[in-house]
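Throughout, protein chains are lettered first and strands after them, A, B, ... in sequence-line order, and every chain is numbered starting at 1.
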Amino acid sequence: MKIATWNINGVRARLDGAAAWLKDANADILCLQELKCEDAAFPGEAFADLGYNVATRGQKGFNGVAILSKLPLEDVSRHLSDDDGNDQARFIDAVVSVAGGALRVASLYCPNGNPTGSDRFDYKLAWMERLQAYAAAHLAAEEAFVLAGDFNIIPEPEDARFPDNWTGDALFQPESRAVFRRLVNLGLTDAIRAVEATAGSYTFWDYQAGAWQKNNGIRIDHVLLSPLAADRLTDAAIDKRTREWEKPSDHVPVVVDLAF
DNA sequence: ATGGCTGCAGGATGCAGA
């Protein structure tokens, strides 16, 4: 089973590219972030025509997450724990049936948090704490699950081409790195780090200042696996090809293969 | 380069992104 995550930076602006990528990659499940549209404006029919079931949590103008799946999506939830229902559209999860049981898949768009020291930064850390509680609860239930998305955190210096450029940024603050570390240390597996030497492996290159041409990238899109999911991990890769496409997203897909 | 693009809302520029 091939599961991918992709911050597409506007699903309507990127529809052709998303469809082309799905046909080529033949992903079973694709978690999308930064839809930048309300649910009613989500181009669901285009994905249905490609054979995907669709679950979305949209928001006008920015944020927005979705799960596309060839398998039926069950038990869809659009809110993190303690979410009052009026929160930003950054979380959706669902369950699919797999051989021997069920697999929960969450599509996450963690807050950016800039500028450091602002309310936005506090919100970022608080949101990550809620995500940690979510992960802990599902670990306690011994579920097989996948946290896939744009975490907006550079975990280690090797996850940036020029780490010194990011020392003042919310994505690379000690507090941001620490909350990510605590999440992983609950017992999750960073799929990319598990299968390759991650130095030089990036998932985001800014549109500005020729960042792509200079390979001035960062690794901020991650797939974290619970132990029962990690047991099934056979491959993980970053698909840099899309960054060369016409009108690309500034993020590229991350893909994992699980032997279900 | 002190954010140098990009998408979106709205109908000009401002906001958000990372």
*Is any NZ, NE, NH1 or NH2 atom of the basic residue among A:R219 and A:E158 found under 4.0 Å from an Asp or Glu carboxylate oxygen of the other?*
no

*Let me know, please, whether A:Q59 or A:G210 comes out on the 5' side of the other along DNA chain B by nearest nucleotide.*
A:G210

Only distances under 3.5 Å count here; give the side-chain donor-acceptor pairs of residues 134-146 of chain A to other protein atoms, sequence neighbours excluded, each with its distance to 0.1 Å.
from	atom 1	to	atom 2	distance (Å)
A:Y134	OH	A:D93	OD2	2.5
A:H138	ND1	A:E143	OE1	2.9
A:H138	ND1	A:E143	OE2	3.3
A:E143	OE1	A:R104	NE	2.9

*Taking the same atom, C1', in B:dC15 and in B:dG10, what whole-Å distance lies between them?*
13 Å

_Give me the distance, rounded to whole Å, that separates B:dC8 from B:dA18 when you measure between the P atoms they each carry._
14 Å

*Rounded to whole angstrom units, what separation is found between the CG atom of A:N165 and the P atom of B:dG4?*
15 Å

*asked:* The criterion is ring-ring contact (aromatic ring centres under 6.0 Å, His included); which residues satisfy it with A:W166, sequence neighbours excluded?
replied: none

*In whole angstrom, what separates A:L35's CG from B:dC8's C1'?*
13 Å

*In chain order, what residues pass the side-chain contact (heavy atoms from CB on, under 4.5 Å) check against A:Y202, with sequence neighbours excluded?*
A:R161, A:W205, A:N215

Please tabulate the protein-to-nucleotide N/O contacts below 3.5 Å involving nucleotides 13-18 of chain B, giving atom names and distances.
from	atom 1	to	atom 2	distance (Å)
B:dA16	OP1	A:R120	NH2	3.3
B:dA16	OP2	A:R120	NH2	3.1
B:dG17	OP2	A:R120	NH1	2.9
B:dA18	OP1	A:E34	OE2	3.2
B:dA18	OP1	A:D150	OD2	3.2
B:dA18	OP1	A:H251	NE2	3.1
B:dA18	OP2	A:Y109	OH	3.1
B:dA18	OP2	A:N152	OD1	3.2
B:dA18	OP2	A:N152	ND2	2.9
B:dA18	N9	A:N112	ND2	3.3
B:dA18	N7	A:N112	ND2	2.8

*Of all residues at least two apart in sequence or in a different chain, which pass the side-chain contact (heavy atoms from CB on, under 4.5 Å) check with A:R182?*
A:E129, A:Q132, A:A178, A:V179

*Can you tell me how far P in B:dA1 sits from the matching atom in B:dT13, rounded to whole Å?*
28 Å

*Would you kindly give the CD-to-C1' distance between A:E246 and B:dC5, to the nearest whole Å?*
15 Å

_Taking the P atom in each of B:dT2 and B:dA12, what is the distance between them to the nearest angstrom?_
32 Å

*All side chain to side chain donor-acceptor pair (under 3.5 Å) counterparts of A:D206, not counting sequence neighbours*: none

*What nucleic acid atoms does A:A209 come within less than 4.0 Å of, heavy atoms only: base, sugar-phosphate, or nothing?*
base

